[in-house]
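What follows is a set of notes on a single structure, which appears directly below.
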Amino acid sequence: MILMKKMISEAIEEQVHLMNASAELDAATIASMLEYPPDAAMGDLALPCFKLSKILRNAPVKIAATLAENVKVPALARIEAVNGYLNMFIDGAYLADQILPEVLSKGERYGAPDLGKGKTVVLDYSSPNVAKPFHIGHLGTTVIGHSLKKLHEFAGYKCVGINYLGDWGTQFGKLITAYRLWGDKATVEQGGIDKLVELYVKYHEEAEKDPALNDRARAEFHKLEEGDAENIELWQWFVKISLEEYKKTYAQLGIEFDSYKGESFYTDKMPAQVQKLRDMNLLKIDDGASIVDLEEYGMPPCLILKRDGSTLYPTRDIAAAVYRKETYDFDKAIYVTSAGQSLHFAQWFKVVDMMGYDWADKLVHVPYGTVSINGAKLATRTGNVILLRDLFALAIDKVAAIMEEKNPNLADKEKIAESVGVGAIVFYYLSNNRIRDINFIMEDALSFDGNTGPYVQYTYARTCSVLSKSESYDKNATLTLTAPEETELLKVISRFEETVRDAIDAYEPSIITRYILDLAGAYNRFYHNCSILGAENESVRNTRLALTEAAKTVLGNAFDLICLAKTEKI
Ligand code: ARG
């Protein structure tokens, strides 16, 4: 894989050292200074030389001039010094010779950075709370989490995806109470998770009027904790029903988990950690509760035990982290949740550090912003929250209607509408920096023309259709580039690995989404301006088909990284 920035920065580094032998500047730093100019006339990559003037004690204009004269990189057709900038123009023919054969031979592995060999990453994501609705607030953790898993897998890490189900806690006392009062086996079996949520909602309504219900719920949960056979059976049943429902949504997204060990699994693993905290004198009693004081670190205390001795959310997370370290010996443990939980993670990460676990710095919290929806009114059975399932269903319906108009004779319509509808939601969601709050506008997400999922999936289908019409072409023929759109497409393709690295570094799937838009745009410009199947001669035709196949491969690889289905026909 040629890494353009790497090659260029190494050549610049050499010259910088010739200009000043004692300059402390390495290629990686230079690479981070390189910019993509806003305008093609200013080159494909540029180095703002004012960033070097302090180190080299020289004027940017002079530095740029010297570098322009002396830097030699085979991949560059020309280098210019303009107003203290070093503007570099990539050589299309070089790219064609280097990149195209590589994409075609590596296929699904093209663009994969070699970062993770022998290393393990554990990812904790999605993790809904059982018997509560799986709503659009979970979209972020589910798709960002899975995308981060795919990115790390692509880079060679061994990945363990964990769904840390919220399958324990007082809500089960409430649900058991509600079930005993108003539910029965047949209706729950029939109604599934909707019936459970309904019972849960009814419980809250009734408990408002009759607070004695809360005592009953507490008693039921206590019985569950004590191992009461009937309650255990009910609890397992509720979890099973919920999980079946979640799995339908995961299947639509192409997501599978390696582990579903939820909160309940850690019940017997907490006492040892609490004891360790106590032995290390880290626990303080505050109004009867046990806490770890974090004032020194500018944070409120981390709560470990309630007054009645029961454990809390951080206690469980600490025990789970220790278990995962022992089980998987991770090099990195990633947790994807809404930004609302940032303090929780900062607190217990600190506690793990104070406990002397030397892997505390391997814990990474990846937060994201809130989601709201306007434009479309979604009625849900629970009234005030929007279920992910309903959002997907709406998108699928709308896409099916659009497809019916565009392409009524398409085979396998339903399956494709599902891929495109779900893909539209995923793509729209992942188009923004994860930390930004998102307001969903359905019409925008589903449009086939904008910067949307349907548009990029349509582009992918276009590459498939061109290739299927071409029958075969000579993959070893010499390549002839004749149009600027061909070179532009190659440049975007050549940036893929670097983009994947950036996305991993920043834990930011939107970097891939934006790249997909660049690539789809470059392919479509090429497609509209260059005749492929009717090219003027065999060599040009071969080159354009190879470009199409390369675009298809890289689009497909990038789709895989963000849970977007590769639709061969739309
Ligand atoms: N179940 C939690 C929720 O829905 C998310 C769990 C996140 N993971 C963790 N290890 N705390 O809010």
Side-chain angles (χ1 to χ4, degrees), residues 126 128 133-147 193-194 197 245-246 248-255 338 368-408 410 413-461 509-510 512-514 516-517 520-521 559 562-567 569-570:
S126 200
F134 194 13
H135 57 83
I136 53 161
H138 294 104
L139 180 63
T141 170
T142 307
V143 298
I144 294 170
H146 198 64
S147 180
I193 199 164
D194 292 335
V197 171
E245 173 72 20
Y246 303 151
K248 285 186 208 154
T249 302
Y250 295 142
Q252 285 183 306
L253 288 163
I255 294 181
S338 73
Y368 60 86
T370 58
V371 184
S372 56
I373 296 201
N374 76 359
K377 282 201 183 67
L378 287 172
T380 70
R381 260 160 272 192
T382 44
N384 52 359
V385 295
I386 293 159
L387 301 183
L388 207 49
R389 180 189 66 192
D390 293 349
L391 183 66
F392 284 171
L394 185 84
I396 294 167
D397 277 357
K398 293 210 166 173
V399 165
I402 297 173
M403 279 171 41
E404 194 57 49
E405 237 172 72
K406 279 191 171 240
N407 196 352
L410 191 66
K413 265 189 266 192
E414 273 159 37
K415 186 89 204 83
I416 296 171
E418 182 173 23
S419 296
V420 177
V422 171
I425 304 286
V426 169
F427 195 87
Y428 188 82
Y429 182 77
L430 290 179
S431 295
N432 291 287
N433 279 1
R434 60 177 157 74
I435 204 67
R436 280 182 43 191
D437 294 339
I438 292 178
N439 186 17
F440 244 94
I441 301 171
M442 274 301 239
E443 308 304 316
D444 288 359
L446 297 177
S447 155
F448 274 62
D449 307 315
N451 287 335
T452 61
Y455 158 72
V456 299
Q457 284 179 313
Y458 190 75
T459 305
Y460 182 82
S510 68
I512 301 296
T513 313
R514 279 193 291 271
I516 290 175
L517 287 172
F559 284 13
I562 58 160
C563 325
L564 196 63
K566 290 179 277 191
T567 40
K569 283 202 176 99
I570 291 186

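Computed from a prediction, not measured in an experiment: that's the story for all the values here.
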Between [atom1] on residue [X] and [atom2] on residue [Y], distance to nearest 0.5 Å:
{"X": "Asp444", "Y": "Tyr428", "atom1": "CG", "atom2": "OH", "value": "5.0 Å"}
{"X": "Ile512", "Y": "Phe559", "atom1": "CD1", "atom2": "CZ", "value": "12.0 Å"}
{"X": "Arg389", "Y": "Ile193", "atom1": "CZ", "atom2": "CD1", "value": "8.0 Å"}
{"X": "Leu139", "Y": "Ile425", "atom1": "CG", "atom2": "CD1", "value": "7.5 Å"}
{"X": "His138", "Y": "Leu387", "atom1": "NE2", "atom2": "CG", "value": "10.5 Å"}
{"X": "Leu391", "Y": "Ile136", "atom1": "CG", "atom2": "CD1", "value": "6.5 Å"}

Can you confirm whether [X] sits close enough to [Y] that some side-chain heavy atom of one is under 4.5 Å from a side-chain heavy atom of the other?
{"X": "Ile562", "Y": "Ile516", "answer": "yes"}
{"X": "Gln457", "Y": "Thr452", "answer": "no"}
{"X": "Leu253", "Y": "Val422", "answer": "yes"}

Which heavy atom of [X] sits nearest a heavy atom of [Y], and at what distance?
{"X": "Ala445", "Y": "Phe440", "result": "CB-CE2, 4.4 Å"}
{"X": "Val399", "Y": "Gly421", "result": "CG2-CA, 3.7 Å"}
{"X": "Pro509", "Y": "Ser147", "result": "CB-OG, 3.3 Å"}
{"X": "Cys563", "Y": "Val426", "result": "O-CG1, 4.2 Å"}

Check: How are the rings of Phe448 and Tyr458 set relative to one another: parallel (under 30°), tilted (30 to 60°) or perpendicular (over 60°)?
Finding: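 Phe448 and Tyr458: perpendicular rings.
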Do any N or O atoms from the side chain of [X] and from the backbone of [Y] form a donor-acceptor pair under 3.5 angstrom?
{"X": "Ser431", "Y": "Phe427", "result": "yes"}
{"X": "Asn407", "Y": "Ile570", "result": "yes"}
{"X": "Glu418", "Y": "Ile396", "result": "no"}
{"X": "Thr513", "Y": "Leu430", "result": "yes"}
{"X": "His146", "Y": "Val143", "result": "no"}
{"X": "Asp437", "Y": "Thr370", "result": "yes"}
{"X": "Lys413", "Y": "Pro408", "result": "yes"}

Notebook entry, point to check: Sequence neighbours excluded, which residues qualify as side chain to side chain contact (heavy atoms under 4.5 Å, CB included) partners of Ser126?
Noted result: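 Listed in chain order: Pro128, Phe134, Thr142, Asn163, Tyr250, Phe257.
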Notebook entry, point to check: Of all residues at least two apart in sequence or in a different chain, which pass the side chain to side chain contact (heavy atoms under 4.5 Å, CB included) check with Asn432?
Noted result: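 For Asn432, the residues satisfying side chain to side chain contact (heavy atoms under 4.5 Å, CB included) (neighbours in sequence not counted) are Arg436, Ile438.
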Check: Counting only heavy atoms not in Lys415, do more than 12 fall under 6.0 Å of its NZ?
Finding: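 For Lys415, atom NZ is not crowded (no more than 12 foreign heavy atoms under 6.0 Å).
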